[in-house]
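So that the names make sense, note that chain A is the first sequence line, chain B the second, and so on, each numbered from 1. Computed from heavy atoms alone, side chains included, the values below leave out hydrogens, waters and symmetry copies.
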Amino acid sequence: MLDKTYRPAEVEERIYEAWERAGLFRPAGREHARPFCIMMPPPNVTGSLHMGHALTFTIQDTLVRWHRMRGEDVLWQPGTDHAGIATQMVVERKLAAEGRDRRQMGREAFLAEVWKWKEESGGQIVRQLRRLGASPDWRRERFTLDPGLSRAVTEAFVRLYDEGLIYRDKRLVNWDVALQTAVSDLEVQPIEVKGQLWYIRYPVEGEPGRFLVVATTRPETMLGDTGIAVHPEDERYRDLIGRHAILPLVGRRLPIVADPAVDPTFGTGAVKVTPAHDFTDFEIGRRHGLALVSVLDERGRLNDNAPEVFRGLDRFEARRRIVEELERLGLVDKVETHLHTVPHGDRSGTPLEPFLTDQWYVDAKVLAQPAIRAVEQGRTRFVPKQWENTYFDWMHNIQPWCISRQLWWGHRIPAWYGPDGRIFVGRDEAEARERARAHYGEEVPLERDPDVLDTWFSSALWPFSTLGWPERTPELARFYPTDVLVTGFDIIFFWVARMMMMGLHFMGDVPFRDVYIHGLVRDERGQKMSKTKGNVIDPLELIREYGADALRCALLASTSQGRDVRFGPGRVEGFRNFVTKIWNAARFLSLYEVSLDPAFDPSTGRIALNRWIVGETAKTASEVTRALEGYRFDEAARTLYRFVWDTFCDWWVELAKPLLTGEEEAVRRETRATGAWVFAHILHLLHPMAPFVSEELWQRLYGAAGGMLIVRPWPSLSLELVDREAEAELGWLVRTIGAIRAARTELNVPPAARLVLRHHGASPTTRARLARHEEAICRLARLERIEREPAPPSPHSLVVVVDETTFSLPVGEVIDLAKERSRLEKELQRLDAELGRLDAKLADPGFVARAPAEVVELHRERRAETLERRERLVEALRRIA
RNA sequence: GCGGGCGUAGCUCAGGGGUAGAGCACGGCGCUUACACCGCCGGUGGCGGAGGUUCGAAUCCUCCCGCCCGCACCA
């Protein structure tokens, strides 16, 4: 006997272990089965499960379980990402708390600490994924820094270098002065800040007393100015083009150049040009051959290119001092407050500096071309489709990808430098050495590049590196290209685009056929969840409180395509109730010793109720399947919810009760078998979304029958099981009971009052139905008995019209006649309004002529039915009046 | 500035040319041993606004308003 409520905490761990122990997460290895593969986007090792993870992994697990049940050879490849900056920061903070510093420790000792940390704390998210019910092939779990993947990274780097697609270049990068590393454009957070705009007077050379006023938000960079630019068509400055200004505080001669990048309407229309400290200025400088003078060091302090008094000052301190000095010299024309966006590092939160350094770059422009074509040709498809625009946009304007990071934690760049700085790239030091020897003709000392690669470089290889590339493994042959990638739109650029580029380049084919993009999980008010806002919901807490199935279903039901998910615990509670409902339906079935009969053939049922529910099951199965095929998880969840709760529990179970306790053995047997069959299908359909409770109930109710639910075949039912007649009969029954209940409630008939139901004008079909369902109707509508009434209804009755039948329920003197009259009149009004609409439509020659015949016919039928109902109602009203 | 999304019941959201839907919330009633994490009944909107296409529009088109998100950007 099942307990009264389902207690997920007592079930989930046991079930999960049973699956895993039985090896059911692994590809089945059936040769003829179609392979199906999802690459798990590797969460950061430092991470712990948040709602975004919960959503994405629930979706993936649902797909994976569904395909597994469809008999496919499923691989869900799991793993974690070493997350360069994030992890290094975590460990550095920990060390700092112990009073240690990585620079003092040295590279090797520090890395040993990181690895130690990873071994001890890095597995958290993987354990948490199990709590969610995720079923990837854990045996194949990978880590981006493990030997296999590291080898893939090195191989990819060397090949790209040899092909000229990776190169070293001196350019401006976004420099994080706190972390002292380059970061990519994508790691930049533009933050709006209220700053100031200083108007500074630069003396014009050779014209004492004349000044050129430039506006800047960053006065400290002026020490690196090497020019001034104006718009070529700006009349105000036309005479100055080609002449020079003198840089205050420094005395440098600044050529005044004309460049179309200058916006004549902003500030004074004249711009100081600091090519070493601004991306736009860098371009202007290049066009006009201006010098590059970098005045900052890697920690954001003024370097030796600055006048001596300013050297060593922090950039913001320097700004203050420079402005002071300019004011003293009377060179500040004016100061305005100015709202502008300043790039910040998304990890450190500090303002970034455009900084001139040598870095490694991937020639993304070249790699992007096949990746663009692949999506254009539909070889990879985004769902929802509108994300393709975002992808194309970025790919068409793609910039060189800076892949070097001044960190220690990560894949060290496989490049060595000769004594003259010449670069030798190799798979290992020996290869680099060999290449160096070939170049120099002798053995020379080599020094390895100290930097590591951007974490996304290794992630970009994930779809094939995890399958064994560069080896040509059987897994690679079988599972690449993978079927679908599930992820959020926030990493289309970071990751999806780069996997496309690398996959096409190294494997010659797209990494995945479909990219399913889901929304972000927000809080109930639509705010992004963040620790600082304090509005984060912890999925593990929800699992503890409501169970993993409830959380999963709530998430799935809330994700509509192309929309973010607003999420509150209320939703989970609703699905916890749903799970309990299912549990109790199972309890009901086991109470009547309903058990699966392998010989049961759903198409041979004789009882309308059973034929009906079988058909409804078939419809539901096909709808759920279709929903999943279209990545419509909300629809799948909703369909199942309605079927289980409304159709099966509220109607089939209630209507089956008299049959299950009835006299006829054949009826009892058929009803039991049907109930078992339907419920078994419910559990199958439910399993991808709610794996724990479905598996638990499957084993408790049907366990002996055929192994674990997780690997049972997905229902595929013919819609021929739908019986139109049974459908009509049950539809009528539901309407009739509903109408009687509504009338009772409306007239305040006490629920306990058992009434007699009289019918008048019923067709033979209806009379047969009434006879068949008498017991159920009486029970569900609280009736004493049903009898035929030769004449139209007597006064002191409630009147209910269903189709051609007039039902009356004598309620004696207690009935409030006035109230009943007004109820019927209201109903009459509604029918009249409806008739008016239908008549107007049918009278419209345009409608009759142009609308499809079926639609016109439908309207005619509707009109006839409405009219009939109306007549009966009028009749009933006359009797009462 | 470019691109995209959204505006439907009190709230969250489905629907997407042919009688407006769900969950939650709310109100009333609880007879009914699967379930109070429950049952029954009920009200609520005419689908942001204006125009157009159509026999017919919440659904398609145009414009407008409001909110949101990317990308680019003013030194």
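Counting only heavy atoms from C-beta on, R632(A) has its side chain closest to G15(B) among G15(B), A34(B), C74(B). Of the candidates G15(B), C40(B), A34(B), C40(B) carries the atom nearest the R741(A) side chain, counting heavy atoms from C-beta on. Listed candidates were G18(B), A75(B), A34(B). Nearest to the side chain of E654(A) is A34(B). The side chain of T341(A) lies closest to C73(B), out of C73(B), U32(B), U12(B). The side chain of R782(A) sits closest to C31(B) out of C31(B), C40(B), U12(B). Proximity note for R571(A) (side chain, C-beta onward) versus U32(B), C35(B), U12(B): the nearest is U12(B). Closest to the A742(A) side chain, of the nucleotides C41(B), U19(B), A75(B), is C41(B). Of the candidate nucleotides C38(B), A34(B), U12(B), A34(B) has the atom nearest to the side chain of K657(A). When the nucleotides G30(B), C13(B), G18(B) are ranked by their closest atom to the side chain of S560(A), C13(B) comes out on top. With distances taken from any side-chain atom of D263(A) to the nucleotides A14(B), G5(B), A75(B), the minimum falls on A75(B).
D650(A) comes within contact range of the sugar-phosphate backbone alone, with a heavy-atom separation under 4.0 Å but no base atom that close. Counting non-hydrogen atoms under 4.0 angstrom, V653(A) reaches a base of the nucleic acid. Within the nucleic acid shown, R563(A) comes within 4.0 Å of sugar-phosphate atoms alone, with no base atom in reach, counting heavy atoms only. Nucleic acid contact class of R576(A) (heavy atoms, under 4.0 Å, all strands): base. Residue-level contact check: W198(A) touches neither bases nor backbone, having no heavy atom under 4.0 Å from any strand. Base engagement by P852(A) is indicated by at least one non-hydrogen atom pair under 4.0 Å involving a base atom. Using a 4.0 Å heavy-atom criterion, one finds that R754(A) contacts no nucleic acid atom at all.
By the neighbour-count criterion of 12 heavy atoms within 6.0 Å, atom CD of E775(A) is sparsely surrounded, having that number or fewer from other residues, nucleotides or ligands.
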Open item on the list: In dot-bracket form, 5' to 3', how is RNA chain B paired? Count Watson-Crick and G-U wobble pairs only if both distances fall under 3.5 Å, and write | where the partner sits on another strand.
Closed with: ((((((((.[[[[.)..(..]]]].(((((.......))))).....[[[[[..)....]]]]])))))))....
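Computed from coordinates, the K4(A) NZ to C35(B) P distance equals 5 Å when rounded to whole Å.
For the side chain to side chain contact (heavy atoms under 4.5 Å, CB included) test with V521(A), the passing option among L55(A), D564(A), T559(A) is L55(A); the others fail. Among the candidates D278(A), D225(A), D281(A), the single residue satisfying the side chain to side chain donor-acceptor pair (under 3.5 Å) test with K272(A) is D225(A).
Using bins of under 30°, 30° to 60° and over 60° for the plane-to-plane angle, the ring pair Y702(A)/F679(A) lands in the tilted bin.
Side-chain atoms of R236(A) come within 3.5 Å of backbone atoms of P264(A) as a donor-acceptor pair (strictly under, hydrogens ignored). A side-chain donor-acceptor contact under 3.5 Å links H344(A) to the backbone of V342(A).
Applying the 4.0 Å criterion to OP1 and OP2 of G39(B), one finds that K581(A) has a side-chain N or O inside that range.
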